[in-house]
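This report concerns only the one structure given below.
This structure is a prediction, so every number in the text was calculated from the model and none was measured. Only this structure's heavy atoms are used, side chains among them; waters, hydrogens and symmetry mates stay out.
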Amino acid sequence: MITVTRDGSSPDERSRLTASSRPDDVPTPSAPYRLASRAAYPEKTVVRVGEARIGAGRPVVIAGPCSVEGEAQIIEAALAARAAGAQLLRGGVFKPRTSPYSFQGLGLDGLPLLARARAESGLPIVTEVMEPALVGPVAEVADVLQIGSRNMQNFPLLRAAGRTQRPILLKRGFAATIEEWLLAAEYILAEGNTQVMLCERGVRSFDPSTRNLLDLSCVPLLGQLTHLPVLVDPSHAVGRGDLVETMGVAGVAAGADGLLVEMHPHPEQSLSDADQAIGPETLRSLIERAERVYAALRA
Ligand code: PEP
Ligand code: MN
């Protein structure tokens, strides 16, 4: 009679394992995300966008409004972001809104406005794309393509993004495990695009006090698991402007390669995510404090 233990091995097999195995002999199971794995590719990926080097050490700040609302607004935001010390401008033209009755963004008409804001400020632009068919048109204008939390597992979109040569900012799905997130990145890498950044933006929790729960532990953990740069978005994580600065600084303390922050020149007038928008002065303070923390941790 063969007796089988609870883990499925026979007592004989188990005693062989424990008698002869040393940790060094046991092969490390290879990660299912082969190209994103740090064990397979130890060298950190550095994503170059304009003057910015994301993953090279000093944290890079991407800032701007949730949505592009008009030419004057996005140019004012771009100049304010640059003056505050941000290195890239963000602004959504395709907005994944929970309600179909909320402002959906300017769509393709918003792209030339982003291009003008880039020309005025010199800041490269980051914008979200939601549909595979629009990856091409958006990639013609944007310097970085953002894939949002709700689309983290939109596999045709990931593949289409992987076929461009633009850097991709891949946000964590609000209910995605780290492994699911890295496998989503793998879809992009597997198509040949090596310029992938991960962005933690909070996961859903039981407590509505904040919009989401910022999982800062993922930052050092991802530093072990993957060579891809990791950013923190405190804005969508907390959902309230009064907590964004502190949690952005905390993201840098945790080792983030950069921050993605929603900043509106007139936060109360924001057409989307007004509650979490910070103004230019708060952004300036956030960046100053984050740089001090980064310098202190290196000292
Ligand atoms: C955004 O960056 O404006 C956005 C919609 O983010 P997320 O996908 O993280 O909700
Ligand atoms: Mn937003």
Side-chain angles (χ1 to χ4, degrees), residues 35-38 41-64 78 81-82 84-92 114 118 121-129 138-139 142-149 152 158 161-162 164-172 181-182 184-186 188-189 192-201 214 216 218-237 247-263 283 286-287 290-291 293-295 297-298:
L35 300 170
S37 155
R38 193 150 205 176
Y41 299 94
E43 193 180 331
K44 179 100 181 180
T45 291
V46 176
V47 173
R48 295 159 176 261
V49 192
E51 316 248 294
R53 301 282 176 270
I54 303 153
R58 189 170 166 235
V60 168
V61 176
I62 305 170
R82 188 186 66 186
Q87 285 178 274
L88 288 92
L89 173 70
R90 62 149 287 147
L114 275 172
R118 172 176 53 203
S121 65
L123 298 184
I125 53 183
V126 182
T127 199
E128 177 164 356
V129 59
V138 175
D143 299 284
V144 175
L145 305 181
Q146 175 173 317
I147 294 185
S149 189
M152 189 204 82
L158 297 171
T164 72
Q165 290 309 308
R166 293 289 184 209
I168 309 296
L169 191 156
L170 178 64
K171 290 189 141 195
R172 181 181 187 173
W181 189 10
L182 287 168
E186 193 77 11
I188 303 169
L189 298 169
N193 187 341
T194 58
Q195 303 279 286
V196 180
M197 300 171 265
L198 303 169
C199 180
E200 160 64 24
R201 48 76 75 204
L214 183 58
L216 278 183
C218 83
V219 178
L221 179 57
L222 285 166
Q224 295 175 15
L225 298 177
T226 182
H227 50 86
L228 300 174
V230 180
L231 287 85
V232 165
D233 168 357
S235 306
H236 293 86
M247 297 314 290
V249 174
V252 169
D257 296 297
L259 300 175
L260 180 79
V261 182
E262 285 193 346
M263 182 279 298
L283 179 67
L286 191 175
I287 293 175
E291 283 181 348
V293 165
Y294 176 67
L297 290 175
R298 291 184 72 206

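- Residue pairs that meet the salt bridge (charged side-chain N to carboxylate O under 4.0 Å, His left out) test with at least one member in residues 226-235, sequence neighbours left out, are Lys171-Asp233.
- The two residues Pro167 and Val47 have their closest heavy-atom pair at CB-CG1, 3.7 Å.
- Listed by chain and residue number, nothing satisfies the side-chain hydrogen bond (donor to acceptor under 3.5 Å, both in side chains) test with Arg38 (two or more places apart in sequence, or in another chain).
- Considering every non-hydrogen atom in both Val232 and Cys199, the closest pair reads C-SG, 4.4 Å.
- Under the 3.5 Å distance criterion, the side-chain polar atoms of Thr127 are matched with a main-chain donor or acceptor of Gly91.
- For the atom pair CZ (Arg118) and CG (Leu88), the distance works out to 11.0 Å, reported to the nearest 0.5 Å.
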- After noting the C-alpha distance and the side-chain angles of Lys44 and Asp257, does the key distance pass the side chain to side chain contact (heavy atoms under 4.5 Å, CB included) rule? CA-CA 11 Å; Lys44 179 100 181 180; Asp257 296 297; 2.8 Å; yes
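- The main-chain N or O of Ala139 is found under 3.5 Å from a side-chain atom of Arg166 such that the two form a donor-acceptor pair.
- Not a single donor-acceptor pair under 3.5 Å links the side chain of Gln195 to the backbone N or O of Ile168.
- The environment of CZ in Arg58 is sparse: at most 12 heavy-atom neighbours from other residues, nucleotides or ligands sit within 6.0 Å.
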- Query: Run the salt bridge (charged side-chain N to carboxylate O under 4.0 Å, His left out) check on Arg90 and Glu262 step by step: do they pass?
  - Reply: CA-CA 8 Å; Arg90 62 149 287 147; Glu262 285 193 346; 3.3 Å; yes
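- Although no hydrogens or angles enter the test, the distance criterion places a donor-acceptor pair under 3.5 Å between the side chain of Ser149 and the main chain of Arg172.
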